[in-house]
Protein chains: 2
Amino acid sequence: MTKSISANAFPAHEHDHTVCIADALDSAEQHCVAHQLRFTPLRRQVLEIVWSRHAPIGAYEILDELRNESRAAAPPTVYRALEFLVDHGFVHKIESLNAFVGCDRPDSEHVGQFLICGSCHQVGELDDPEIAKLIAKKAKTVGFDVSHQTIEVRGVCSNCAGENHA
Amino acid sequence: MTKSISANAFPAHEHDHTVCIADALDSAEQHCVAHQLRFTPLRRQVLEIVWSRHAPIGAYEILDELRNESRAAAPPTVYRALEFLVDHGFVHKIESLNAFVGCDRPDSEHVGQFLICGSCHQVGELDDPEIAKLIAKKAKTVGFDVSHQTIEVRGVCSNCAGENHA
DNA sequence: ATCCGTAATGTAATATTATAACATAAAATG
DNA sequence: CATTTTATGTTATAATATTACATTACGGAT
Ligand SMILES: [Zn+2]
Ligand SMILES: [Zn+2]
Ligand SMILES: [Zn+2]
Ligand SMILES: [Zn+2]
């Protein structure tokens, strides 16, 4: 089974989310084994919290969750775990929200192109090389050499657009 | 004289920046007159500070400048002026830097596509409708209806790339 | 197994960015 | 000029993020 371009985008409202979480944790674990990274209990716990929904979660909300799960935690606890998870592609930071969202494709090098629904607040990830290439090309025309792209798009997802029955 | 697509991108190091500032203030003033907006002394002062360079400036740095210019100022003073300036397109917020940069094209509706140089920290603005259209189109393929785009690209500008003489 | 060096986490304090709430002043309207 | 609205002043606080240093856990050597 090949994942479509919208693999990480806006799962159906009724989907079995425990599967999303389990898959993401498994995938991260495998990636860590393969790359000699330490997928410590804390990092796993933070990743699980981030994956608790398909919407971005703030660092301090993660902190609260950790404490709920009776783990000693302070801001650096969270930010350090997030740094690891972001560095290795398990989590993306949504800059325009100062919040974090899970990514289930740690292996593929990709710029995250994020679709942020203003209605349900879920975030889908488009991973479209054409967009990345066009931007790099256009930047090049003014002599700019691109190393990283931040793309965050606001709008309304298909789930929410279909709900106009008021 | 027609402005090129890179009008706002990476002016030459030796350019007459007082002209940039004067033009930006004039342009903003004209836009405000035309649209019945109040270009108050505070808003003008903040815009001038933002335009002091072609690199993003943080709100608290603006605050310091205001106080240097012996104006009573507190965070809301700055954030409210910035809100006005951003709302009307005189300034853009760079989300990935929590900082603000001037825009000299308040009239044209545009998504800002920002090129952020990691070397000189200047920011150029690409205003390319093709990029915006491609993103909107790709988002549409997953049923997402785009209302706003945040595009911030890291890399090295042409000025800095040319300076490799170490 | 013990030692050692490194990487991860714990902990306290603080820095940075942003907003809420309410008072005052200035401007637009009639 | 009285009224209403808009902008600004002022104080406090919320929300986000980092620094610095102590402690613990891990991985690789002997
Ligand atoms: Zn799910
Ligand atoms: Zn939605
Ligand atoms: Zn200039
Ligand atoms: Zn540069």
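Side chains included, hydrogens not; waters and symmetry mates left out as well; all remaining heavy atoms used. Chain naming here is simple, since letters A, B, ... match the order of the sequence lines and numbering starts at 1 in each.
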For B:Asp145, side-chain contact (heavy atoms from CB on, under 4.5 Å) partners two or more places apart: B:Lys140
Heavy-atom check, side chain of A:Leu66 versus side chain of A:Leu42, under 4.5 Å: yes
d(OH, B:Tyr79; C1', D:dG9) in whole Å: 17 Å
Relative orientation of the end axes in the helix from C:dA1-D:dT30 to C:dG30-D:dC1, expressed as an angle to the nearest 10° (five pairs per end): 30°
Pairs of donor and acceptor atoms involving the side chains of residues 150-160 of chain B, under 3.5 Å and at least two apart or interchain, shall be tabulated with distances.
unit_1   : atom_1 : unit_2  : atom_2 : d
B:Glu152 : OE1    : B:Glu95 : N      : 3.4
B:Glu152 : OE1    : B:Ser96 : N      : 2.8
B:Glu152 : OE1    : B:Ser96 : OG     : 2.5
B:Glu152 : OE2    : B:Glu95 : N      : 2.6
B:Arg154 : NH2    : B:Ser96 : OG     : 2.9
B:Asn159 : ND2    : B:Pro11 : O      : 3.4

Pairwise ring pair (Phe, Tyr, Trp, His ring centres under 6.0 Å) hits with a residue in residues 121-160 of chain B, at least two apart: A:Phe10-B:Phe144
Partner residues of A:Asn68 under the side-chain contact (heavy atoms from CB on, under 4.5 Å) criterion, sequence neighbours left out: A:Glu65
DNA chain D contacts made by residues 36-43 of chain B, counting heavy atoms under 4.0 Å: B:Arg38, B:Thr40, B:Leu42, B:Arg43
Please output the side-chain donor-acceptor pairs of residues 22-36 of chain B that fall under 3.5 Å, not counting sequence neighbours, one pair per line with the distance.
unit_1  : atom_1 : unit_2   : atom_2 : d
B:Glu29 : OE1    : B:Arg44  : NH2    : 2.4
B:His31 : ND1    : B:Asp107 : OD1    : 2.9
B:His35 : ND1    : B:His31  : O      : 2.9

Covered region of DNA chain C, 5' end to 3' end, by chain B [heavy atoms, under 4.0 Å]: C:dT17 to C:dA27
Distance-only donor-acceptor check, side chains A:Gln45 and A:Glu69, under 3.5 Å: yes
Between B:His15 and B:His13: side-chain donor-acceptor atoms closer than 3.5 Å: no
Length of the line joining A:Arg80:CZ and D:dA25:P, which is rounded to integer Å: 15 Å
Please list, one pair per line, the donor and acceptor atoms closer than 3.5 Å that link side chains of residues 74-82 of chain B to other protein atoms, with sequence neighbours excluded.
unit_1  : atom_1 : unit_2  : atom_2 : d
B:Thr77 : OG1    : B:Ala74 : N      : 2.9
B:Thr77 : OG1    : B:Ala74 : O      : 3.0
B:Arg80 : NE     : B:Pro76 : O      : 3.4

Interatomic distance, B:Phe84 CZ vs D:dA7 P [rounded to whole Å]: 8 Å
Which residue lies more 5' along DNA chain C, comparing A:Asn98 with A:Ala81 via nearest heavy atoms: A:Ala81
Close approaches to DNA chain D from residues 63-77 of chain A, in residue order (heavy atom, under 4.0 Å): A:Pro75, A:Pro76
Partner residues of B:Glu61 under the side-chain hydrogen bond (donor to acceptor under 3.5 Å, both in side chains) criterion, sequence neighbours left out: B:Arg53
Smallest separation among heavy atoms of A:Ala73 and A:Arg67, with atom names: O-NH2, 2.8 Å
Atom pair distance, as rounded to whole Å: CZ in A:Phe100 and C1' in D:dA15: 13 Å
Sequence-distant partners of B:Phe39, ring-ring contact (aromatic ring centres under 6.0 Å, His included), two or more places apart: none
Near-ring test A:His92/A:Phe100, centroid separation under 6.0 angstrom: no
